[in-house]
Amino acid sequence: MGVILHVDMDAFYASVEAQRRGLEGEPLVVGVYSGRTEDSGAVSTCSYEAREIGIHAAMPIKTAKKKADNSDKEVSFVPMDKEYYDSFSDRIQEEILQERAEKIEKASIDEFYIELKTENYKQAENVAKEIQASIKEEFEVTCSIGVGPNKLVAKIASDRDKPEGLTKVKPEEVQEFMYGLEISDIHGIGDRTEEKLSERGIESVQELAEADPALLVREFGEKQGLKLREKARGEDDSEVEESQQKQVTRITTLEENSRNSSKIKQVFPELASDIIEKLEEENMDYGSVQLIVIDTEIQMHTRSTSLKTRVRNNETLKEKGEKLLEEFLEASNSTIRRVGLRASDLKKRKGQKSMEQFF
DNA sequence: AATGATACTCGGC
DNA sequence: TTACGGCCGAGTATCATT
């Protein structure tokens, strides 16, 4: 396997909006507005300059505006335009990354894994620098890149130095690199796992890497236990490959809080048809339907149901969603603020060519 | 007891 | 003083299967 790069765009939505509006280097906040009241909504992401005055993702827009008022800087607030960022991301992939990659994987709207042909880390570093320079020149946004022997190490490396960072970890440096991390820096180790490890006296990456495999297997099972130890050693044999979308969600904020099911159901047709439209684009069927509910305390609840066979059907989605909503309202006394539907357990439909195969 | 499938929650952006 | 979106993928809990 060649050298792996993890390319991670810096504050992507905010950088794209800054470029679009000529606001580079200024505090800028990208928000999602629910339309309920003036400024009702939350921060999606913000520029590094906005972070300096205490604004961060997931913060209510009103709170962010308070921070902005208390600062001497002029802060721009702009609404999220996901479609625009999607096409921006695709263009970076097609115009800069594709041609330099032996293999490429789009991991999210702002993250890519690239496998290079070369085994030479100096060469790989040069490719990474070239990618950073080209993206900056042609798109006027920046990225951070991690260079490593596999996806796990490359991803952690890209996180170490942001924005516009470049972190290279050669195979002989992997151990030193991994031992310098906190256990929670390792992707896939959450609070729960961290606590369980701590109870067993494992608190550092080195301790996990050198832990008794039998103990880990006892605590976490054969598969997961051994995987944990491998991760701490910086080992990962997963391939760089095109990944399929796993779920499609559409969620909306109700005009008024409610627990009147017929009132709430009125938003379902639009949610369902938006989801089906997306599935048609992707030529995918769904095998599972989820209801997502956010109550007046901003607590999220989900209920789901599996289908016997995969379909791409608007009515099924709507009806399963309605049924789940009724069951939820019956069992809970919470009042609903936002409601959504999700289709998951997705699979490409076979026996029907998608458009790109004609080219 | 281990594994896989399903249901639900959490965190990033 | 509080204030609160719309997505996504991954983590974790629980249950069925073997």
Side-chain angles (χ1 to χ4, degrees), chain A residues 8-17 29-48 50-51 55-67 79-83 85-86 89 105-111 155 159 162 184 186-196 217-228 238 243-254 257 267 271 274-275 278 287-307 324 327-328 337-346:
Chain A
D8 193 351
M9 303 306 300
D10 300 321
F12 187 53
Y13 298 176
S15 302
V16 172
E17 289 293 352
V29 176
V30 178
V32 185
Y33 295 80
S34 69
R36 247 198 187 190
T37 64
E38 168 98 351
D39 288 342
S40 172
V43 174
S44 179
T45 191
C46 61
S47 67
Y48 285 86
R51 292 176 201 191
I55 298 172
H56 59 77
M59 178 180 272
I61 288 170
K62 283 187 179 170
T63 311
K65 290 215 163 168
K66 262 260 152 66
K67 299 260 184 197
M80 179 166 79
D81 182 356
K82 190 106 181 298
E83 274 188 39
Y85 316 145
D86 261 320
S89 168
E105 172 177 337
K106 178 173 178 147
S108 71
I109 194 170
D110 71 336
E111 280 179 58
K155 163 120 177 147
D159 262 339
K162 301 182 96 182
S184 56
I186 299 175
H187 189 211
I189 301 188
D191 288 351
R192 182 85 191 179
T193 307
E194 194 180 354
E195 192 170 330
K196 244 167 130 181
V217 167
R218 217 165 38 239
E219 282 301 305
F220 299 96
E222 178 84 22
K223 206 164 184 174
Q224 212 194 334
L226 297 179
K227 198 131 230 166
L228 277 174
S238 65
S243 57
Q244 296 289 346
Q245 184 151 8
K246 295 180 172 61
Q247 55 172 245
V248 178
T249 308
R250 290 296 179 270
I251 186 165
T252 189
T253 302
L254 299 172
N257 298 344
V267 303
L271 295 174
D274 278 2
I275 289 171
K278 179 77 180 172
S288 175
V289 176
Q290 277 98 355
L291 169 76
I292 300 154
V293 160
I294 288 95
D295 65 26
T296 48
E297 317 295 311
I298 320 291
Q299 281 302 113
M300 178 161 61
H301 311 271
T302 63
R303 293 294 180 270
S304 65
T305 186
S306 298
L307 309 179
L324 290 166
E327 285 166 6
F328 176 81
R337 179 185 178 92
R338 299 163 59 204
V339 65
L341 292 176
R342 169 180 301 168
S344 65
D345 193 11
L346 303 184

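Residue numbers begin at 1 in each chain, while the letters A, B, ... track the order of the sequences.
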(request) Please tell me which of the listed nucleotides, dA3(C), dT6(B), dG5(C), lies nearest to the side chain of Ser306(A)? (result) dT6(B)
(message) Distance check needed: dG6(C) P versus Phe12(A) CZ, whole Å only.
(response) 21 Å
(message) I'd like to check the salt bridge (charged side-chain N to carboxylate O under 4.0 Å, His left out) partners of Lys196(A); sequence neighbours left out, ordered by chain and number.
(response) none
(request) Between protein and nucleotides 8-17 of chain C, map the contacts as a letter string: B base, S sugar-phosphate only, - none, heavy atoms under 4.0 Å, written 5' to 3'. (result) BBSSSS----
(message) The side chain of Thr253(A) is closest to which nucleotide in this list: dG5(C), dA3(C), dT9(B)?
(response) dG5(C)
(request) Find the distance Tyr85(A):OH to dG6(C):C1' and express it as a whole number of Å. (result) 12 Å
(message) In whole Å, I'd like the distance from the NZ atom of Lys155(A) to the P atom of dG12(B).
(response) 11 Å
(request) Find the distance Ile251(A):CD1 to dC7(C):P and express it as a whole number of Å. (result) 8 Å
(message) Using the side-chain heavy atoms of Ser288(A), tell me which of these nucleotides is nearest: dA7(B), dT9(B), dC13(B).
(response) dA7(B)
(message) Within the structure provided, determine whether Ile292(A) and Arg342(A) are in side-chain contact (heavy-atom separation under 4.5 Å).
(response) yes
(message) How many whole angstroms separate atom CG of Asp81(A) from atom P of dC7(C)?
(response) 13 Å
(message) Please pick, from dC13(B), dC8(B), dC4(C), the nucleotide with the shortest atom-to-atom distance to any side-chain atom of Thr302(A).
(response) dC8(B)
(request) Would you please classify the geometry between the Tyr85(A) ring and the Tyr13(A) ring as parallel, tilted or perpendicular, with 30° and 60° separating the classes? (result) parallel
(message) Is there a side-chain contact between Arg337(A) and Asn257(A) in this structure, where contact means two heavy atoms from C-beta onward sitting under 4.5 Å apart?
(response) yes
(request) With DNA chain C as reference, determine whether Tyr33(A) or Lys62(A) sits nearer its 5' end, using the nearest nucleotide of each. (result) Lys62(A)
(message) Rounded to whole Å, please give me the gap between CE in Met80(A) and P in dG5(C).
(response) 12 Å
(message) Measure CD/Glu297(A) against C1'/dC4(C) and give the value in whole Å, please.
(response) 12 Å
(message) It should be established whether Ser304(A) places a side-chain nitrogen or oxygen under 4.0 Å from OP1 or OP2 of nucleotide dA7(B).
(response) yes
(message) Distance criterion of 3.5 Å, no angle test: do you see the side chain of Ser44(A) paired donor-to-acceptor with the base of dG5(C)?
(response) yes
(request) Could you tell me whether the side chains of Lys106(A) and Ser89(A) share a donor-acceptor contact shorter than 3.5 Å? (result) yes
(request) Report yes if some heavy atom in the side chain of Ile275(A) is under 4.5 Å from a heavy atom in the side chain of Lys278(A); otherwise report no. (result) no
(request) Let me know, please, whether Tyr13(A) or Gln299(A) comes out on the 5' side of the other along DNA chain B by nearest nucleotide. (result) Gln299(A)
(message) Can you tell me if Ser34(A) touches the phosphate of dC4(C), counting only side-chain N or O atoms and a distance under 4.0 Å to OP1 or OP2?
(response) no
(message) I need the full list of salt bridge (charged side-chain N to carboxylate O under 4.0 Å, His left out) pairs touching residues 290-307 of chain A, with sequence neighbours left out, sorted by first then second residue.
(response) none
(request) Report yes if a side-chain nitrogen or oxygen of Arg337(A) is closer than 4.0 Å to either non-bridging phosphate oxygen (OP1 or OP2) of dG5(C); otherwise report no. (result) yes
(request) Please confirm whether the backbone N or O of Leu254(A) pairs with a side-chain atom of Arg36(A), one donor and one acceptor, at under 3.5 Å? (result) yes
(message) Within the 4.0 Å heavy-atom criterion, would you say Ala58(A) contacts the bases, only the backbone, or no part of the nucleic acid?
(response) base
(request) Measure the distance from CG on Asp39(A) to P on dG5(C) and round it to the nearest whole Å. (result) 11 Å
